[in-house]
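Note on naming: letters A, B, ... go to the chains in the order of the sequence lines (proteins, then strands), and numbering restarts at 1 for each one.
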Amino acid sequence: MKPKSSVNRPPTPDVVENLPEREPTFQELINIKFIETGEKERLMELLRERLVDCGWKDEMKALCRAFVKKKGRDNVTVDELVHVITPKGRASVPDSVKAELLQRIRTFLVSAAL
Amino acid sequence: MSVPNEENLSSQSQLSSHFFLDLLDSIIVDVASECHRIAKLGLDANLEEEDEELKLSAQARVRMADPGNSNETNGKYVVDIFGQTHPSVANEIFECMNCSRSIMAGKFAPHLEKCMGKGRKARLKVTRSSSGAQNRNSRGSSVSTYSNHSSNNSSVNRLTNGNPSFAGEEHSNGASQP
């Protein structure tokens with residue numbers, strides 16, 4: 001009987017890569033602070049609210065619905081939907097919303113780096 | 001951090017962008033997963049209605065943004081968001097219960113003021129109808145008889161013409177008028 005291909009799989013990359021001790025980068029440190037202080041959560045809620053208010057979420061939902069209509073309800077995966085929305089979604093965020101969020105992030109970075 | 005300022009700033013803005021895109025991506029995944037769920041569970045039965053709503057709201061937005069459109073102060077024909085126009089004065093006609101004249105709905109309140117007694121003319125209208133030919137007798141008591149004759153209809157019509165002879169009468173009556 002042919003052995004299953006999974007048995008001959010090469011070793012997990014993680015084992016090889018993470019052996020040397022690496023100092024966390026500045027970015028990683030900030031990221032940790034971002035999450036730990038709850039700032040990431042707050043900003044995510046703020047962004048969500050702004051995007052709903054300006055109709056961005058409705059536009060994305062309309063895109064999804066159009067795609068589902070075209071492809072047929074049972075053939076759609078979350079992955080496909082993400083790929084459908086992402087380019088348009090990133091591009092159609094209103095400038096004011098983007099500016100507000102970037103401002104808040106920068107403020108946080110300044111206070112966190114001190 | 002002992003990094004020079006410019007480098008710090010640009011890497012800082014890079015970092016902010018990175019975080020922002022990170023947040024945005026998470027939200028995009030959330031929206032996609034929500035839509036996926038709705039699609040799979042068949043909860044999107046109201047599909048066509050929402051499309052209609054979106055179209056209507058887009059149309060309304062265009063109409064609002066268009067500077068060539070007449071707004072509220074611009075003439076009689078204002079178009080509201082459903083595309084209907086209303087004349088600035090309500091023009092349904094009906095009969096006044098006090099004086100039995102046909103009145104336009106938009107002019108009803110001022111008419112009632114005159115007709116039922118807010119103003120000077122209306123009060124005089126009442127006293128005149130009560131006095132009739134007996135001007136001399138009722139002059140002194142015109143104020144007191146006012147309350148008794150508030151519903152007197154018959155000669156009210158004549159007053160609205162601004163009868164000059166009556167004005168003369170009223171002038172000599174000045175003392176009893178507040």
Participant: What part of F67(A) gets closer than 4.5 Å to chain B, counting heavy atoms only: side chain, backbone, both or neither?
Facilitator: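 For F67(A), there is no contact with chain B at all, as no heavy atom is under 4.5 Å.
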Participant: Is any side-chain N of the basic residue among E45(A) and R42(A) closer than 4.0 Å to the acidic one's carboxylate O?
Facilitator: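 No.
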Participant: Taking atom types as modelled, is there a side-chain donor on Q27(A) or H18(B) under 3.5 Å from an acceptor on the other?
Facilitator: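 Distance-only check passes for Q27(A) and H18(B).
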Participant: Using a strict cut-off of less than 4.0 Å between a Lys/Arg side-chain nitrogen and an Asp/Glu carboxylate oxygen, indicate whether K33(A) and E36(A) qualify as a salt bridge.
Facilitator: no
Participant: Side chain, backbone, both or neither: which part of V82(A) has an atom under 4.5 Å from a heavy atom of chain B?
Facilitator: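 Both the backbone and the side chain of V82(A) come within 4.5 Å of chain B.
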Participant: In terms of heavy-atom pairs under 4.5 Å with chain A, which of I38(B), D25(B), L21(B) leads?
Facilitator: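 Ranked by contacts with chain A, first place is D25(B).
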Participant: Under a 4.5 Å heavy-atom cut-off, does chain B meet the side chain of N31(A), its backbone, both or neither?
Facilitator: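 For N31(A), heavy atoms of backbone and side chain both lie under 4.5 Å from chain B.
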Participant: Checking heavy atoms, do the side chain of L51(A), its backbone, both or neither come under 4.5 Å from chain B?
Facilitator: side chain
Participant: Considering only heavy atoms, which portion of V84(A) lies under 4.5 Å from any heavy atom of chain B: side chain, backbone, both, or neither?
Facilitator: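 Neither the backbone nor the side chain of V84(A) comes within 4.5 Å of chain B.
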Participant: Count the heavy-atom pairs under 4.5 Å between each of V110(A), L109(A), V68(A), I85(A) and chain B, then report the option with the highest count.
Facilitator: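 Going by pairs under 4.5 Å, I would pick L109(A).
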Participant: For F94(B) and F108(B), take the angle between the two ring planes, folded into 0 to 90°, and tell me which bin it lands in: parallel under 30, tilted 30 to 60, perpendicular over 60.
Facilitator: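 Perpendicular.
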Participant: Give a yes or no on this: more than 12 heavy atoms of other residues, nucleotides or ligands lie within 6.0 Å of atom CZ of R73(A).
Facilitator: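 Correct, the count exceeds 12.
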Participant: Any idea which of S26(B), S57(B), C35(B) has the most non-hydrogen atom pairs under 4.5 angstrom with chain A?
Facilitator: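 It is C35(B).
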Participant: For residues L101(A) and L43(A), report the shortest heavy-atom separation together with the two atoms involved.
Facilitator: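 Result for this residue pair: CD1-O, 3.9 Å.
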